[in-house]
A.B. asks: 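Below is a structure I'd like to ask you about.
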Amino acid sequence: TLRPPYNHTMEIPATFFLVGIPGLQSLHFWLAISLSVMYTIALLGNTLVMTIIWVDSTLQEPMYHFLCILAAVDIVMASSVVPKMVSIFSSGDNSISFSACFTQMYFVHAATAVETGLLLAMAFDCYVAICKPLHYKRILTPQVMLGMSVVIIIRAVIFVTPLSWMVSHLPFCGSKVVLHSYCEHIAVAQLTCADPKPSCLYGLIASSIIVGSDVAFIAVSYNLTLQAVFVLSSKNAQLKALSTCGSHMGVMALYYLPGMASVYVVWLGEDTVPLYTQVLLADLYLVIPPTLNPIIYGLRIKQIRERMWSMLMHCLFDHSNLGSR
């Protein structure tokens, strides 16, 4: 059907209304508590990881450089959505301004694009550390690490900026109710009275290029790494090498598996998978990795684990000494 002519400037809504998780309103209070706990863990854990790497002069290898950036990105990712989710679930404050909605959309997609690039960089670091240990410092110089970090951020900006811009410049002349917990791209694009397919198609192509290429290179990297590990004659050397990359693989599984599940259920549609399942998976995709990443690295990496324990004991003893005075 032909759409009637519209005045673009008169159809920019001042406010959107986020539903939360449609069909699970009765559980919103418990979801608010769960998200608050997870967000607190994410903030404290990632801040602690960043602080340890920043102040400890012995943690200056490339792996820790990328891990520090990953912790910062996790804080941005969680902070861009969780406070508003908790507000919706606990008090019903579901309104969000037009500019705040698209700012949130931009940071969510930019953070996810940066994170997948960092996981690729960390996989490459693991490959060089195990397959080319004698050339490690020559290959991953500070200049190379800085260059990789800048390229990852620039790539995210280049791909994500058009996505938010395209949707924000579409006319909104119908419902302002977003059937989601945050300003997810497709959920907002479906409210426009123009054809949202170009922006949705761009989002699909951009995400396929970024995630598809990163996953392919990560798979090749770990395939070569595992081949090199199992060639080692020493069992202790094999276990040490696997331990080095085990935390990376765990973080990648946490990042990609919920994301793939979220995309898959959206592709199946509401007739097969209820809308509340789709929204819940999308929410967990943005909350679980920032929450568990510092726990995984804190438990798996000996240097960070020892430094965390040292800082905790230092704080406890200082507190007890002050209390006894």
Side-chain angles (χ1 to χ4, degrees), residues 46 48-74 111 113-159 209-256 293-294 296-308 310:
N46 285 293
L48 184 59
V49 169
M50 291 174 61
T51 303
I52 289 173
I53 295 174
W54 186 264
V55 301
D56 194 333
S57 58
T58 64
L59 302 178
Q60 301 303 317
E61 296 179 6
M63 176 180 67
Y64 301 111
H65 169 82
F66 295 126
L67 181 56
C68 187
I69 300 176
L70 179 66
V73 172
D74 279 343
V114 170
E115 183 144 342
T116 183
L118 288 172
L119 293 179
L120 173 58
M122 294 169 76
F124 178 69
D125 169 79
C126 185
Y127 162 76
V128 176
I130 293 176
C131 298
K132 299 181 181 297
L134 299 178
H135 304 285
Y136 183 78
K137 292 186 177 180
R138 185 173 60 84
I139 295 175
L140 289 174
T141 62
Q143 293 78 12
V144 170
M145 291 189 297
L146 178 61
M148 292 172 67
S149 303
V150 171
V151 168
I152 289 169
I153 295 172
I154 291 176
R155 184 187 69 164
V157 171
I158 290 174
F159 277 97
I209 292 174
I210 293 176
V211 178
S213 60
D214 287 354
V215 169
F217 283 116
I218 287 172
V220 171
S221 174
Y222 277 115
N223 180 47
L224 295 174
T225 301
L226 291 175
Q227 287 181 18
V229 167
F230 291 118
V231 169
L232 297 174
S233 57
S234 171
K235 290 294 182 182
N236 289 334
Q238 289 183 359
L239 291 175
K240 184 178 179 180
L242 289 174
S243 177
T244 301
C245 296
S247 53
H248 297 338
M249 294 180 180
V251 168
M252 289 174 194
L254 278 175
Y255 179 78
Y256 288 116
N293 283 353
I296 291 175
Y297 282 112
L299 294 176
R300 295 284 298 178
I301 299 178
K302 181 180 178 181
Q303 293 91 329
I304 293 181
R305 183 173 66 248
E306 291 177 348
R307 187 63 178 173
M308 282 183 175
S310 174

A.B. asks: Please enumerate all residues that pass side chain to side chain contact (heavy atoms under 4.5 Å, CB included) together with Ala156, with sequence neighbours excluded.
C.D. replies: Ala113, Val114
A.B. asks: Counting only pairs under 3.5 Å, give me each side-chain donor-acceptor contact of residues 147-155, with atom names and distances, residues two or more places apart or in other chains.
C.D. replies:
{"from": "Ser149", "atom 1": "OG", "to": "His65", "atom 2": "NE2", "distance (Å)": "3.0"}
{"from": "Ser149", "atom 1": "OG", "to": "Met145", "atom 2": "O", "distance (Å)": "2.9"}
{"from": "Arg155", "atom 1": "NH1", "to": "Asp214", "atom 2": "OD1", "distance (Å)": "3.0"}
{"from": "Arg155", "atom 1": "NH1", "to": "Asp214", "atom 2": "OD2", "distance (Å)": "3.4"}
{"from": "Arg155", "atom 1": "NH2", "to": "Asp214", "atom 2": "OD2", "distance (Å)": "2.8"}

A.B. asks: Could I get the full list of side chain to side chain contact (heavy atoms under 4.5 Å, CB included) partners for Ala219, not counting sequence neighbours?
C.D. replies: none
A.B. asks: Could you check if a side-chain atom of Val144 sits within less than 4.5 angstrom of a side-chain atom of Ile139, using non-hydrogen atoms only?
C.D. replies: no
A.B. asks: Taking atom CE of Met63 and atom OH of Tyr136, what is their separation to the nearest 0.5 Å?
C.D. replies: 7.0 Å
A.B. asks: I need the full list of salt bridge (charged side-chain N to carboxylate O under 4.0 Å, His left out) pairs touching residues 118-136, with sequence neighbours left out, sorted by first then second residue.
C.D. replies: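 Every pair satisfying salt bridge (charged side-chain N to carboxylate O under 4.0 Å, His left out) with a residue in residues 118-136: there are none.
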A.B. asks: Run the side chain to side chain donor-acceptor pair (under 3.5 Å) test against Tyr127 and tell me which residues pass, sequence neighbours left out.
C.D. replies: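 Result, side chain to side chain donor-acceptor pair (under 3.5 Å) vs Tyr127: none returned.
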A.B. asks: Which heavy atom of Ala71 sits nearest a heavy atom of Met50, and at what distance?
C.D. replies: CB-CG, 3.5 Å
A.B. asks: How many angstroms lie between CG in Leu226 and SG in Cys126, if you round to the nearest 0.5 Å?
C.D. replies: 8.0 Å
A.B. asks: Please determine whether side-chain contact (heavy atoms from CB on, under 4.5 Å) holds for the pair Asn293 and Glu115, giving the CA-CA distance in whole Å, both sets of side-chain angles, and the decisive distance to 0.1 Å.
C.D. replies: CA-CA 12 Å; Asn293 283 353; Glu115 183 144 342; 3.7 Å; yes
A.B. asks: Quick one: CD1 on Ile218 to CG on Asn223, what's the gap to the nearest 0.5 Å?
C.D. replies: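 Between Ile218 CD1 and Asn223 CG, I get 13.5 Å after rounding to 0.5 Å.
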A.B. asks: As an exercise, state the distance from CG of Leu119 to OG of Ser221, rounded to the nearest 0.5 Å.
C.D. replies: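 Reported to 0.5 Å precision, the distance equals 11.5 Å.
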A.B. asks: Distance from Leu48 atom CG to Ile53 atom CD1, nearest 0.5 Å?
C.D. replies: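 Here the interatomic distance stands at 10.0 Å.
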A.B. asks: Could you check if a side-chain atom of Ile69 sits within less than 4.5 angstrom of a side-chain atom of Met122, using non-hydrogen atoms only?
C.D. replies: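 A side-chain contact is absent here, since even the closest heavy-atom pair is not under 4.5 Å.
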A.B. asks: How many angstroms lie between atom SG of Cys131 and atom CZ of Phe124, to the nearest 0.5 angstrom?
C.D. replies: 10.5 Å
A.B. asks: Can you list the residues that meet the side chain to side chain donor-acceptor pair (under 3.5 Å) rule with Thr225, with sequence neighbours excluded?
C.D. replies: none
